[in-house]
Amino acid sequence: PRYLQMMEDVLRSGDRLIGMIQPIGDGLAAVGTAGRVAMFSEDDDGRMMISLRAVSRFRLVEALDGFTPYLRGKVDWAGYGADRRGAVPDDPEFDRPAFMERLGRYMAARDLSTDWNAAEEAGDELLVNSLSMLLPLGVEEKQALLEAGDLLGRGEALTALMRIDAADAGDDTSPSMQ
């Protein structure tokens, strides 16, 4: 019921934004992400299926008290202007061949499969961001990826996480993002 109320309130608002933030311990993470309701449908039983379009990360300033059954917060968008500009150019320092090789080893070690043609065709930012969301990583690891400032930092963090998770952190190869 609280999420149905939230959706009703969001759809009445002019911006149709929903913010998401991870609980950390007894509080909330410092950084969350916002999406705009792009589509929704309501089932006969009252449930809603929604599609969000990514807008931007934000820094939580404070959780707001109120009479809504869902959490609300005051947020700061500063520092995340690149998120709102849309397509981000590829970073020339991102070593895509090494990253893809590391991804292949990770997928094999975890016995996972992927559409390699789609991965090859995706831009660097889309590839790294999609993997950050889709790979079977813990909440803390995904939060660290969300908080990484740029493609290079997120790629380095993701590479390190894949190394650790694939149980080959001790190998003697140089970091794939440098």
Side-chain angles (χ1 to χ4, degrees), residues 1-43 45-86 88 102-103 106-107 109-112 114 125-167 169 177:
R2 67 181 174 173
Y3 295 120
L4 290 173
Q5 180 65 54
M6 180 182 71
M7 276 301 297
E8 289 178 19
D9 293 347
V10 164
L11 292 173
R12 278 195 297 264
S13 74
D15 54 24
R16 298 189 338 242
L17 291 178
I18 294 177
M20 292 152 283
I21 196 159
Q22 289 290 337
I24 303 288
D26 292 335
L28 297 171
V31 176
T33 188
R36 180 169 283 111
V37 176
M39 295 182 349
F40 74 96
S41 64
E42 190 171 359
D43 292 341
D45 64 1
R47 291 182 298 159
M48 286 190 172
M49 298 295 293
I50 63 172
S51 293
L52 299 178
R53 182 173 322 136
V55 172
S56 179
R57 290 171 289 171
F58 60 82
R59 185 162 298 285
L60 181 64
V61 175
E62 67 177 307
L64 299 175
D65 291 327
F67 297 104
T68 60
Y70 52 87
L71 294 175
R72 296 179 323 121
K74 179 178 178 185
V75 302
D76 182 4
W77 304 96
Y80 301 110
D83 290 1
R84 292 184 302 279
R85 286 194 284 274
V88 176
R102 171 57 61 190
L103 177 61
Y106 171 81
M107 299 294 273
R110 290 291 307 253
D111 198 26
L112 299 171
T114 192
E125 189 88 8
L126 178 61
L127 176 67
V128 171
N129 289 346
S130 296
L131 290 169
S132 296
M133 291 183 286
L134 297 172
L135 290 180
L137 301 169
V139 171
E140 294 84 5
E141 290 85 2
K142 288 188 182 220
Q143 185 67 34
L145 293 167
L146 176 68
E147 293 183 17
D150 58 13
L151 170 66
L152 197 57
R154 203 165 15 270
E156 288 173 345
L158 187 54
T159 297
L161 290 169
M162 286 190 294
R163 284 175 185 249
I164 292 166
D165 196 50
M177 298 303 295

Where the side chain of R154 meets the backbone of A148, is there a donor-acceptor pair that is under 3.5 Å apart? yes
With a 4.5 Å limit on heavy-atom distance, are the side chains of L103 and M162 in contact? yes
Counting only heavy atoms not in D26 (residues, nucleotides, ligands), do more than 12 fall under 6.0 Å from its CG? no
Test item: R84 side-chain N/O and S56 main-chain N/O as donor-acceptor pair under 3.5 Å: no
Between T159 and Y106, is any pair of side-chain heavy atoms under 4.5 Å apart? no
Does any N or O in the side chain of E140 come within less than 3.5 Å of the main-chain N or O of I24, such that one atom is a donor and the other an acceptor? no
Does any N or O in the side chain of D83 come within less than 3.5 Å of the main-chain N or O of R57, such that one atom is a donor and the other an acceptor? yes
Show the nearest heavy-atom pair for residues R16 and L11, with the distance to one decimal. CD-CD2, 4.3 Å
Other residues, nucleotides and ligands only: do more than 12 of their heavy atoms fall within 6.0 Å of CZ on R12? yes
4.5 Å side-chain heavy-atom contact, R110 and D165: yes
So does A78 get a backbone contact from the side chain of D76, meaning a donor-acceptor N/O pair under 3.5 Å? yes
Please tell me if the side chains of V55 and D15 come closer than 4.5 Å, counting only heavy atoms from C-beta onward. no
Reported CE-to-CD1 distance for the pair M7 and I18, which is rounded to 0.5 angstrom: 5.0 Å
Within a strict 4.5 Å, meaning less than it, do heavy atoms of the L135 and M107 side chains meet? yes
Check: V37 and L52 side chains under 4.5 Å, non-hydrogen atoms: yes
Could you tell me if the side chain of F58 sits less than 4.5 Å from the side chain of I21, heavy atoms only? yes
